[in-house]
Amino acid sequence: MLLIAAGWIVVLLLGGGIALERTLTGQVERSFDERLGYLLNTMIVISEVAPDGEVYFIRPIGEPRFLEPNSGMYWQITAEGREGFESYSLEPSQSLWDRTLTPRGGHLDNQPHYYDNLEFPEEPLRVVERSVILPDSETRWTFMVAAAREELDAQIVRIRSILTWSFVALGLGLFGMAVLQSYYGLRPLRRIRAAIQRIRTTGSNRVSDPLPLEVQPLVEELNMLLAHSERQAEEARTHAGNLAHALKTPLTVVNNAATAQAPDLAATVIREARTMRRHVDHHLARARAVGRRSVGHARTPACESAEAVRRAVERLYPDVRFDIDGNRQARVAIERQDLDEILGNLIENAAKYGGGSVFVTIDAEPDAERCVTWIEDDGAGIPPAERTRIFDRGARLDTDKPGTGLGLAIVRDVAEIYGGAVELDESEDLGGLLVRLILPRAA
């Protein structure tokens, strides 16, 4: 920020200083030229041609420095077309002493011409000359007025010096103000840094210091991030505790059976290992869903996921008829892997326990705030009294078919992680089970 501010200050002040220097020096030069032009016009006005063809002044010019040798103010009159540009009627000004000016000549426009003259190396001059034909004369006379540039150059040097020091002081002042502005403007961020350090050292979980309104949104987002991290840590602790508690009983049973050298030890180990496997699978599914949820806001097309699951389940149940309908543009705020796992469990259960037909309707309730997907089958359904218990881990109503009893439990837990829900009902069209999968819509 300071480098950018310094760069812009230098560029703008340099550009403004150059423009102002040219304006002021141009104005000084114009004033100097106007003064020379005034003296030249005075000379022309008071000049007349004598009967013998010579020029003379009818009254004095009124500039005393023309009478002082080497004073820095000079005039001269020459006649163009005459050998050596000899001066007629009047001698050059006494200030020229024994020197003469060489006119440029050749002016036919009767206008004053200004130029710098280095004819005298020790004294650069500013010259104005004009060629005119005076009354009663056919000769083109060249009137010249010259002044030493010393005074003009001194004024220009003073102007440039004043501008340089003024703009340097202004630039330093502006840069100092930029430094102060940056220091005090970024002070709230330093306070946030100190607050974060206190969070790390004291164990606090919020930034509670009063801060300016400009950084308050940042503080709010930081507090929400801390709260989110705290929730994730608490969920992780809860999952670890639940898993440890779930594994404790099977491990105790196996240990007791092994210690007592029970005759059915092998069967007991197999049974309890299967139980532990169910618990591990369930908690791993929840952990994966929580981890993917923290990545960001997902946008998953529900229809694409359902079609992918249908193609996979068709290989396992080729005799089952699948039908997918509804809003094919619906998108839900859930990661694609988790939606595939949820729909895979629900559609596979419908194919496994149904009578041969599975209907999936995407966004079946378009007016609802959240996206509702129906999964229906033509099986025996689930009695209302059992619809709550079926979500328990390991719960199965039909033990004749293979399975672990974790499908609906995983579906419910993953859906709830994303702010959704799963409801069971009876299908009016097929007569079997209706599963209503409710998920938040993607923004």
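Between Thr100 and Glu119, the shortest heavy-atom contact is O-OE2, 3.3 Å. Closest heavy-atom contact between Gly72 and Glu123: CA-OE2, 3.6 Å. Closest approach of Ala147 to Leu36, counting heavy atoms only: CB-CD2, 3.6 Å. Met1 and Leu186 get closest at one heavy-atom pair: SD-CD1, 4.2 Å. The minimum heavy-atom distance linking Pro301 with Leu339 is given by the pair O-CD2, 4.4 Å. Minimum interatomic distance between Arg370 and Gly420 (heavy atoms only, all atoms of both residues): NH1-CA, 3.9 Å.
Side-chain atoms of Met73 and Leu39, non-hydrogen and from C-beta on, do get closer than 4.5 Å to each other. Using a 4.5 Å cut-off on side-chain heavy atoms (C-beta onward), Ile196 and Leu222 make contact. In this structure, Val435 and Leu424 have side chains that are in contact, with non-hydrogen atoms separated by less than 4.5 Å. Put simply, the side chain of Val372 reaches to within 4.5 Å of the side chain of Trp374, judged on heavy atoms. Between Glu348 and Tyr317 there is a side-chain heavy-atom pair separated by less than 4.5 Å. Within the 4.5 Å cutoff, the side chain of Ser47 has heavy atoms near those of the Phe143 side chain. Side-chain contact between Glu29 and Gln155 is absent, with no heavy atoms from C-beta onward closer than 4.5 Å. Residues Tyr418 and Val332 are not in side-chain contact: their nearest non-hydrogen atoms beyond the backbone lie 4.5 Å or more apart.
Classification of Glu314 and Arg310 as a salt-bridged pair holds, one side-chain N sitting under 4.0 Å from a carboxylate O.
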- Query: Would Glu129 and Tyr115 count as a side-chain hydrogen bond (donor to acceptor under 3.5 Å, both in side chains) if you check the C-alpha gap in whole Å, the side-chain angles of each, and the deciding distance to 0.1 Å?
  - Reply: CA-CA 9 Å; Glu129 68 176 43; Tyr115 59 90; 2.7 Å; yes
- Item | Trace of the side-chain contact (heavy atoms from CB on, under 4.5 Å) decision for Leu434 with Glu426 | CA-CA 5 Å; Leu434 166 64; Glu426 182 179 352; 5.9 Å; no
- Residues Leu101, Leu125; criterion side-chain contact (heavy atoms from CB on, under 4.5 Å); working and verdict: CA-CA 10 Å; Leu101 296 172; Leu125 301 176; 3.8 Å; yes
- Message: One pair to check against salt bridge (Lys or Arg N to Asp or Glu O under 4.0 Å): Glu122 and Arg99. What are the steps and the verdict?
- Response: CA-CA 13 Å; Glu122 72 284 357; Arg99 299 177 297 179; 3.4 Å; yes
- Please test Ser427 against Phe359 for side-chain contact (heavy atoms from CB on, under 4.5 Å), starting from the C-alpha separation and ending with a verdict. CA-CA 10 Å; Ser427 172; Phe359 287 177; over 6 Å; no
- Item | Stepwise side-chain contact (heavy atoms from CB on, under 4.5 Å) test for Arg35 and Tyr38 | CA-CA 5 Å; Arg35 182 183 175 189; Tyr38 172 78; 5.7 Å; no
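How far CZ of Arg65 is from OG of Ser93: 11.5 Å, rounded to the nearest 0.5 Å. Taken from CG in Leu439 to CD1 in Ile334, the straight-line distance is 5.0 Å, to the nearest 0.5 Å. With rounding to the nearest 0.5 angstrom, the CG atom of Leu13 is 11.5 Å from the CG atom of Leu163.
For the 3.5 Å distance criterion, the side chains of Thr361 and Asp325 fail to qualify, holding no donor opposite an acceptor.
Side chain of Ser182 to backbone of Ala178: a donor-acceptor contact under 3.5 angstrom is found.
The local environment of CD in Gln197 is crowded, with over 12 non-hydrogen atoms from other residues, nucleotides or ligands closer than 6.0 Å.
At least one test fails for Arg126 against the ring of Phe32: distance under 6.0 Å to the centre or angle within 45° of the axis. Geometric assessment of Arg190 against the ring of Tyr183 yields a positive cation-pi assignment under the 6.0 Å and 45° thresholds.
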